[in-house]
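Only one structure is covered here, and it is reproduced in the block below.
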Amino acid sequence: MKLEFWILDVNYDVVGGVPEVRMWGVTRDNRRVVVVDRGFRPYFYVLTVKGGSEEELEHIRRALAPYGLLGLEVVEKKYFGKPVKVVKATLANPRLVPKARESVARLDFVREVLEADIRFYMRYMVDNAVYPSSWHAVDVEELDKPPSWKVDAVYLAKKPPVHIAEDRSVPELRVLAFDIECYNRYGEPDPERDPVIIAGVGDSGGVRLFTAQGLDDAPVLREFTSHVKNTDPDVIVGYNSNRFDWPYLLARASRKRTRLNVSRTNSQPAQSVYGHFSIVGRANVDLYDYAEEIYEVKVKSLENVAEYLGVVKKDERTLIDANLIYAYWDDEKKRPLLLRYAEDDVRSTYGLAEKVLPFGIELSSIVGLPLDQVFAASVGNRVEWHLIRQAFQYGELVPNRVERGYETYRGAIVLKPKPGVHENVAVIDFSSMYPNIMIRYNISPDTYVPPGEKVDSDEVWVAPEVGHRFRKKPPGFYKRVLERLLEARRTIKEKLKGLDPGSPEYRVLYERQRALKVIANATYGYCGWSGARWYKREVAEATTAWGRMLIKRTIEYARKLGLKVIYGDTDSVFVNYDPEKVERLIKFVEEELGFEVKIDKVYVKVFFTEAKKRYCGLLADGRIDVVGLEAVRGDWAEISKEVQEKVIEIVLKEGDPWKAVEYVKKVIEELRSGSVDLEKLVIWKTLTKDIGEYEVEAPHVMAAKQLQEAGYRIRRGMKIGYIVTRGGGEKVSSRAKPFFLVKDIGEVDVDYYIKRQIVPAALRILSYFGIREEHLVGGRRQASLFEFINQK
DNA sequence: GCCTTGAAGTTACCG
DNA sequence: ACCGGTAACTTCAAGGCG
């Protein structure tokens with residue numbers, strides 16, 4: 001019988017000594033099924049001195065005998081492009097692979113054991129080109145369904161499923177959002193002590209809340225579990241659920257001697273790779289993982305992220321002080337507010353999922369990691385899995401992870417900007433510069449020619465400055481991988497042109513081209529990452545070297561044409577927009593250098609200071625770009641960011657810096673008079689390490705210490721919000737106080753905010769126009785003149 | 001011993 | 001655990017001056 005199904009989750013188990021890959025999915029007729037394949041066995045490769053001589057095989061056979069060896073075979077593969085003979089050792093049981101590997105690695109003629117660390121179900125998917133979040137056709141026969149399994153049918157695959165690559169449709173997935181609230185009378189909730197007072201669940205139909213009876217959460221756990229079972233979602237989404245909700249619920253369940261059997265095999269969520277919890281048969285997605293990649297949102301609370309993505313506006317939802325959740329629970333009159341808050345969290349989470357899942361689905365199908373893992377995996381791991389997939393298709397062995405020392409290499413060029421306001425400026429960009437460089441010059445670990453090796457000079461590309469050589473032929477690994485990605489993206493972008501932007505097809509393909517771009521662009525960074533399997537410093541180093549050459553030659557030619565080069569960074573040049581000359585420049589880059597460039601944008605006005613990577617520009621439609629400046633940084637007080645934004649707007653739109661001065665003075669007055677929201681004075685900074693590891697007493701570290709003393713749990717990675725107060729010493733750090741402990745504007749060190757926040761942010765723009773601090777503060781001329789003289 | 005100065009530590013940005 | 005380049009802040013200690 002033939003079956004088509006869309007793969008949601010993949011796992012395996014060993015049944016009666018036989019490993020069984022289980023592919024959980026949704027059929028064309030919307031049934032939930034699992035397709036099992038019992039025909040696949042784990043294996044790994046052994047790279048030996050003699051390429052698998054009889055004697056070597058005998059030794060390997062003996063070493064592997066205790067681990068259920070099924071067979072040894074000498075196979076031809078490629079290792080960094082070079083043909084090699086390796087011994088493929090096939091075992092019966094995936095669980096014995098790690099031990100077997102160790103046993104073989106000890107043999108003295110064994111150079112390396114390869115691919116022994118690839119998880120069994122991933123091995124299965126890679127080898128059979130089975131892709132998660134994609135449709136497959138498979139020949140099956142139906143099996144008896146174990147009574148505890150939550151599926152419509154269980155099938156046995158006669159052969160591995162075949163990917164239907166051209167069909168990017170997505171079945172109607174049942175998505176369940178959830179969120180829990182815990183009792184926190186004693187600070188950070190502790191599952192050993194504090195119950196789950198509310199568990200909210202929701203989908204497109206609405207939200208349901210399960211509540212504790214007083215402080216007994218047994219009903220919450222029970223009802224939550226049965227709700228999941230009954231609604232049988234394909235995707236379960238939470239916010240920070242891998243780090244909080246799931247471990248908490250599991251700990252509560254264990255304490256209450258009950259079980260959280262929410263999976264499709266009636267098992268509990270289990271800690272799995274990349275710190276995520278795996279729920280058999282479903283995709284357990286933690287949207288916080290996605291939020292971490294949205295750098296525009298500085299404080300990544302659910303409500304901020306939901307607002308940013310246009311899901312639920314902050315003023316359309318209930319917000320309460322999370323530290324007081326217990327009080328809302330204890331007080332019957334306030335409890336409805338807490339319930340609304342919980343409901344809004346679930347709504348936001350569900351809304352977020354609608355925005356984010358389509359991208360995750362495409363990413364999952366491209367890199368080949370199951371949907372829930374792709375969210376949890378780091379960028380490096382995503383790229384790596386994509387490469388592992390490709391390596392298999394090219395017959396390349398996957399290199400092992402090795403511990404390496406950290407090495408640096410030169411990166412891109414950044415030009416010194418020409419300070420001031422420039423009108424009519426075109427920004428010309430190389431399209432996907434690094435991927436295209438790697439393709440054009442065939443830069444790859446397997447094409448690299450080490451210094452000692454003799455090669456005819458016209459057979460290699462030689463990187464400028466650094467001199468690394470790469471064979472022109474055959475196409476290297478990175479080249480093939482990147483060409484495929486860029487080509488796929490081009491095709492999709494072509495298709496998009498003919499589609500209605502409101503249609504579901506458009507959405508899917510749009511997200512797909514975005515995912516392709518993300519992976520292509522991250523591949524250069526990956527190759528220079530010392531933790532990468534395919535790391536090669538020379539590869540990364542040559543790529544940036546060619547990048548420098550390209551930008552230099554582009555700038556040279558622009559100047560030759562008589563264009564003024566105002567700025568440039570890595571793969572972009574800013575020139576005065578003379579359409580004819582710009583056209584010639586583009587032609588030059590395309591024809592002489594062989595790279596694609598495009599006009600990315602044209603600024604009506606753009607303003608630079610002397611600093612690199614910081615500018616602001618006005619576009620024809622009235623929008624303003626702010627790049628690198630304080631206004632777009634998360635570690636400046638809102639008040640300074642607002643001031644700078646407004647100053648930029650006045651300067652660019654009205655061209656009157658002195659009007660901006662008046663505005664700044666007004667804000668300073670408001671601050672002095674105390675009519676400013678405390679919220680606007682909060683400075684947020686990330687704790688990038690554990691609190692004990694800091695060498696200096698930075699303000700946010702001191703604020704964090706105060707929080708710790710007040711009983712808050714402080715963890716690396718947290719954003720600390722503080723306000724600088726008066727008194728308490730010279731150092732800013734001695735005056736920094738956690739923002740919510742500051743109750744009155746009277747406590748605030750207004751002077752700090754004026755002199756170290758507002759003035760610097762404003763002057764960053766205004767000092768170019770001859771405006772100085774004394775023009776913004778003080779007001780009285782005498783004082784400023786006096787200060788001026790004193791400075792000299 | 002006080003004040004200036006610059007290095008070091010730290011964070012967050014750009015592409 | 002993707003890269004290097006960059007600005008700018010705060011702290012801290014060395015160095016200079018008296």
Side-chain angles (χ1 to χ4, degrees), chain A residues 274-275 292-293 295-296 298 377-384 386-387 401 403-404 406-417 427 429-435 438 518-537 539-541 543-545 547-548 551 567-574 600 608-615 625-637 640-641 683-689 693-702 717 719-720 722 724 729-736 752 755-757 760-761 763-764:
Chain A
Y274 316 120
E292 279 195 314
E293 293 165 33
Y295 74 96
E296 290 93 337
K298 315 293 173 184
S378 66
V379 173
N381 277 303
R382 291 175 190 169
V383 171
E384 193 148 280
H386 177 246
L387 293 175
R401 284 240 153 95
E403 289 273 339
R404 298 189 183 86
Y406 175 75
E407 313 172 271
T408 53
Y409 61 90
R410 275 181 72 194
I413 285 183
V414 189
L415 297 190
K416 265 200 195 147
V427 182
D429 255 6
F430 278 77
S431 319
S432 301
M433 186 196 237
Y434 286 164
M438 294 171 85
V518 164
I519 293 300
N521 285 345
T523 302
Y524 149 73
Y526 169 87
C527 79
W529 168 43
S530 65
R533 292 177 192 261
W534 278 277
Y535 169 79
K536 187 101 197 138
R537 193 202 75 234
V539 165
E541 200 167 34
T543 304
T544 56
R548 293 192 296 273
I551 199 84
Y567 179 63
D569 183 352
T570 312
D571 60 353
S572 67
V573 279
F574 291 51
D600 186 43
F608 285 94
T609 66
E610 310 232 312
K612 298 171 176 181
K613 296 192 182 277
R614 316 184 116 217
Y615 57 90
D625 274 346
V626 180
V627 179
L629 294 162
E630 283 74 6
V632 294
R633 289 184 64 98
D635 56 352
W636 284 73
S640 357
K641 301 192 342 174
I683 297 164
W684 293 93
K685 274 199 162 75
T686 310
L687 275 184
T688 59
K689 37 185 150 179
E693 292 171 34
Y694 280 94
E695 294 180 46
V696 293
E697 300 192 314
H700 70 299
V701 178
M702 296 307 275
K719 278 244 192 284
I720 307 292
Y722 65 88
V724 179
E730 270 291 298
K731 284 182 292 192
V732 179
S733 58
S734 64
R735 288 177 284 134
Y752 171 84
K755 290 222 167 83
R756 305 269 187 91
Q757 286 279 326
L763 284 185
R764 198 81 60 216

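A, B, ... follow the sequence lines: proteins, then strands. Residue 1 opens every chain. This is a predicted model, so every value here is computed, not measured.
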Measure [atom1]/[X] against [atom2]/[N] and give the value in whole Å, please.
| X | N | atom1 | atom2 | value |
| --- | --- | --- | --- | --- |
| A:Glu610 | C:dA8 | CD | C1' | 15 Å |
| A:Met438 | C:dC3 | CE | P | 14 Å |
| A:Trp529 | C:dG4 | CH2 | C1' | 17 Å |
| A:Trp636 | C:dC9 | CH2 | C1' | 7 Å |
| A:Glu730 | B:dC2 | CD | P | 13 Å |
| A:Arg382 | C:dC2 | CZ | P | 10 Å |

Quick one: label [X] by what it contacts on the DNA or RNA (base, sugar-phosphate, nothing), any heavy atom closer than 4.0 Å.
| X | answer |
| --- | --- |
| A:Tyr406 | sugar-phosphate |
| A:Tyr752 | sugar-phosphate |
| A:Ser733 | sugar-phosphate |
| A:Arg756 | sugar-phosphate |
| A:Glu407 | sugar-phosphate |
| A:Gly525 | base |

Residues passing the side chain to side chain donor-acceptor pair (under 3.5 Å) test with A:Tyr434, sequence neighbours excluded, are none

Of the candidates C:dC12, C:dA8, C:dT6, the side chain of A:Lys612 sits closest to C:dT6

I want to check one thing: is the phosphate of [N], taken as OP1 and OP2, less than 4.0 Å away from some side-chain N or O of [X]?
| X | N | result |
| --- | --- | --- |
| A:Arg764 | C:dC9 | yes |
| A:Ser378 | C:dC2 | yes |
| A:Lys731 | C:dC12 | yes |

Are there more than 12 heavy atoms of other residues, nucleotides or ligands under 6.0 Å from atom CD of A:Glu610?
no

Contacts of A:Tyr274 meeting side chain to side chain contact (heavy atoms under 4.5 Å, CB included) (sequence neighbours excluded), chain-then-number -> A:Arg119, A:Leu369, A:Gln373, A:Ala376, A:Ala377, A:Asn381, A:Trp385

Between A:Gly528 and A:Ala540, the two heavy atoms sitting closest are CA-CB, 3.7 Å

Check ring pair (Phe, Tyr, Trp, His ring centres under 6.0 Å) between [X] and all other residues, then give those that pass, not counting sequence neighbours.
| X | result |
| --- | --- |
| A:His700 | A:Tyr694 |
| A:Trp636 | none |
| A:Phe574 | A:Tyr567, A:Phe608, A:Tyr615 |

Quick tally for nucleotides 8-15 of chain B: nucleotides whose base has a protein heavy atom under 4.0 Å get B, sugar-phosphate-only ones S, the rest -, giving -SSBBSBS

